[in-house]
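From a predicted model like this one, the values you see are computed outputs, not experimental measurements. Letters A, B, ... mirror the listed sequences (proteins, then strands); counts begin at 1.
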There are 2 protein chains.
Amino acid sequence: MENRELILECALELFSHRGYDAVGVQEIAEKAGITKPTLYHYFGNKRGLLESVLKENYLKLETALLKAADYRRDLPLTLHRVVSAYFSHAANHPVFYRMYISMIYSPPESESFKAAMPVLQRQLEMLEQLFIKAAGDHGNMRGRHKPYAVSLLAMVNTYIQMCYSNHIQLNNETTFKAIHQFMHGIFS
Amino acid sequence: MENRELILECALELFSHRGYDAVGVQEIAEKAGITKPTLYHYFGNKRGLLESVLKENYLKLETALLKAADYRRDLPLTLHRVVSAYFSHAANHPVFYRMYISMIYSPPESESFKAAMPVLQRQLEMLEQLFIKAAGDHGNMRGRHKPYAVSLLAMVNTYIQMCYSNHIQLNNETTFKAIHQFMHGIFS
DNA sequence: TTGATATTATACCACACGGTATAGAAAATA
DNA sequence: TATTTTCTATACCGTGTGGTATAATATCAA
C-alpha cells in the first residue's frame, strides 16, 4: 500500500516535468526506491501507470467540481464556484495540473492524449449538464450547451496556463474577470 | 536539396501526429525513403532536426505576422490583420500548427518545449512592440504591453485549438468576435 | 503450523534507440 | 583529367527501452 502511492507520486513528478515518453520505467522505479517488477505488479504496464496517475489525481478534482456544479438557478454563482474549484485545484496541485494540460495538448495519436481524452470528456459532459439546466432559466442559451462547455473549459485552462507562466495570479478578482469575460462572450 | 526538404516534411508529419519523443529517427528516414546517415548529414542530430522543422516552418508565419503587425494608428485594424494572419496560417498549415501548439504546452523540461521557447518568445516580443506603439495613441494601455501580448496570443491559440477540435470555424466572423472579446477584456 | 496469497528482488530478454566509422558515388572544381 | 567536396548507403556500436521468468520473502487465514 505504501509502495503503490510512492510510485504514483514519483511517476507524476517525472511525467509532469519531462513528459511521458521521455521518462523510462527504470527511472521511475529508481526514484521510488523500488524495482521494475514491483511497478509492473501494481500497474501492469507503463500505460497503465500513466492512466492510474491521471485518474487517481483527477478524482480529487472531480469531486470538487461535482460539488461546485450544483445548479440552484443562479448561473453566475455556480460558474464562480466551478471556476474557483478549477483555480484552487490548479494552484494546490500544480504538478498534476501541468501534466494534465500537457497531455490534452499532446499530438492526437500519442499515448498521453489518448489517456487524457476520457478525463477531458467527463469534464465536458459535466459542464454540458450544467448549461442544459441553466438553459431552463435562460432560454436564449438553449441548444448551445456544447460550445459553452468547450469554451468555458478552454478559458479556464488558458488562465491556469497563464498563471503557471507567472503572467497572472489566480485570485478572486481574476475569477470574476474570467467569468465576466465568458458571460460577455456568450451574450453577444 | 531534394532529400533535405523531404526529411523535413516527413519529420513534421510524424512529430505532429505522434510527438517528438515517440518518433524514432529510423522511422523518419524510412518514411522519407533515405537512410539515417543522410539525415544526420543534414541535421546533425535529432534535436537539430526538430529545430529545423520548427524554425523553417515558422518563418513563413513570421513574415506574414510582420507584415500584418505594421501599426498605422488603427489598433482594431492591426489586430484584425494579425489575428487573421494567425488564423489563416493555422488553417492552411494545420500539421505544422498542431505540432507547434503541442510543443509550447509540453512539459517545461522536455526537448519539445525547449525548442519551441525561442519561437514563442519572438512572437511575444513582436506583439509587445505593437502594443507599445499603440500605447502612444491609447494612453490607458501604457505599461501593459506584456500582459496584452500574452493574453492575445493565448486567445488566438485557444481559438485555433477549438477549430482543430471542430468546435468552431476560423472565419471572418470568428475573427471579429475574438478581437471584440480581447478588447473588452482589456478595457474593463 | 500449514498453506495460500500478495508482494518483492535478481537476473534476464529481445529490441529499438540515437548516433557513427567507413567507404562508395556523384558532383563540382581545378 | 585529376582532385576535392558533397552526399549517401552498409554495417555497426553501446546503451537503454518496455517487459518478464523465476524464485524468495512477507502476510495472513485456517
Side-chain angles (χ1 to χ4, degrees), chain A residues 1-56 99 102-103 106-107 109-117, chain B residues 1-56 99 102-103 106-107 109-117:
Chain A
M1 297 210 182
E2 199 181 64
N3 276 344
R4 212 189 102 99
E5 319 296 325
L6 207 68
I7 295 168
L8 284 173
E9 202 179 305
C10 294
L12 169 63
E13 197 132 335
L14 289 169
F15 289 161
S16 177
H17 285 85
R18 305 224 315 277
Y20 174 75
D21 290 303
V23 175
V25 177
Q26 186 93 272
E27 190 178 354
I28 300 169
E30 277 168 15
K31 177 160 184 169
I34 50 98
T35 54
K36 285 203 285 179
T38 303
L39 190 154
Y40 278 90
H41 167 73
Y42 286 113
F43 305 102
N45 52 37
K46 196 189 175 188
R47 171 83 185 255
L49 172 57
L50 175 65
E51 282 167 3
S52 294
V53 168
L54 181 64
K55 191 168 290 182
E56 298 186 23
M99 182 191 76
S102 82
M103 288 177 76
S106 289
E109 311 287 343
S110 66
E111 300 275 297
S112 287
F113 181 78
K114 288 180 194 159
M117 207 45 186
Chain B
M1 297 209 181
E2 199 180 62
N3 276 344
R4 212 189 100 101
E5 318 296 325
L6 207 68
I7 295 169
L8 283 172
E9 202 179 305
C10 294
L12 170 64
E13 197 132 338
L14 289 168
F15 289 160
S16 178
H17 285 85
R18 306 224 314 277
Y20 174 75
D21 290 305
V23 175
V25 177
Q26 186 92 271
E27 190 179 354
I28 299 170
E30 277 168 15
K31 177 160 184 169
I34 50 98
T35 55
K36 284 202 286 176
T38 303
L39 190 152
Y40 278 90
H41 168 72
Y42 286 112
F43 304 102
N45 51 38
K46 197 190 176 188
R47 171 85 184 253
L49 172 58
L50 175 65
E51 282 168 1
S52 293
V53 168
L54 181 63
K55 191 168 290 182
E56 298 186 22
M99 182 192 76
S102 82
M103 288 176 76
S106 287
E109 311 287 344
S110 66
E111 299 276 296
S112 288
F113 181 78
K114 287 180 196 160
M117 207 45 185

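- Separating the CG atom of Leu50(B) from the P atom of dG18(C) is a distance of 12 Å, rounded to the nearest angstrom.
- Taking atom NZ of Lys46(A) as the reference point, atom C1' of dT20(D) lies 17 Å away to the nearest angstrom.
- For Ala11(A), the side-chain contact (heavy atoms from CB on, under 4.5 Å) test picks out Phe15(A), Ile28(A), Leu49(A), Val53(A), with sequence neighbours left out.
- Neither OP1 nor OP2 of dC7(D) sits under 4.0 Å from any side-chain N or O of Tyr40(B).
- Under a 4.0 Å N-O distance rule, the pair Glu27(A)/Lys31(A) does not qualify as a salt bridge.
- Taking CG from Asn3(A) and NE2 from His41(A), the interatomic distance works out to 10.0 Å, rounded to the nearest 0.5 Å.
- Atom CG of Leu39(B) is separated from atom P of dA9(D) by 11 Å (rounded to the nearest Å).
- Residues satisfying the side chain to side chain donor-acceptor pair (under 3.5 Å) test with Glu56(B), not counting sequence neighbours, are Arg4(B).
- Proximity of residues 16-37 of chain A to DNA chain C (heavy atom under 4.0 angstrom from any strand atom) is restricted to Thr35(A), Pro37(A).
- Between Tyr20(B) and Lys46(B) the shortest side-chain heavy-atom distance falls below 4.5 Å.
- Taking only side-chain nitrogens and oxygens, Asn3(B) comes nearer than 4.0 Å to OP1 or OP2 of dT8(D).
- Looking at residues two or more places apart in sequence or on another chain, you find a side-chain contact (heavy atoms from CB on, under 4.5 Å) between Ser16(A) and Val95(A), Arg98(A), Met99(A).
- Whole-Å rounding puts the Asn45(B) CG to dT20(C) P distance at 8 Å.
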Item to complete: Any chance you could lay out the side-chain contact (heavy atoms from CB on, under 4.5 Å) test for Phe43(B) and Glu51(B), step after step, and finish with the verdict?
Response: CA-CA 9 Å; Phe43(B) 304 102; Glu51(B) 282 168 1; over 6 Å; no
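- For Glu30(B), there are no side chain to side chain donor-acceptor pair (under 3.5 Å) partners at least two apart in sequence or on another chain.
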Response to the item:
Protein-proximity profile, nucleotides 24-29 of chain C, B/S/- by nucleotide at the 4.0 Å heavy-atom cutoff, equals ------
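- The interatomic distance linking Ile7(B) (CD1) with dA9(D) (C1') rounds to 13 Å, in whole Å.
- One atom, CZ of Phe43(A), and another, P of dA6(C), lie 17 Å apart when rounded to the nearest Å.
- At least one side-chain heavy atom of Val25(A) sits under 4.5 Å from a side-chain heavy atom of Tyr40(A).
- OP1 or OP2 of dC7(D) lies within a sub-4.0 Å distance of a side-chain N or O belonging to His41(B).
- If you measure from atom CG of Leu6(B) to atom P of dT8(D), you get 11 Å, rounded to the nearest angstrom.
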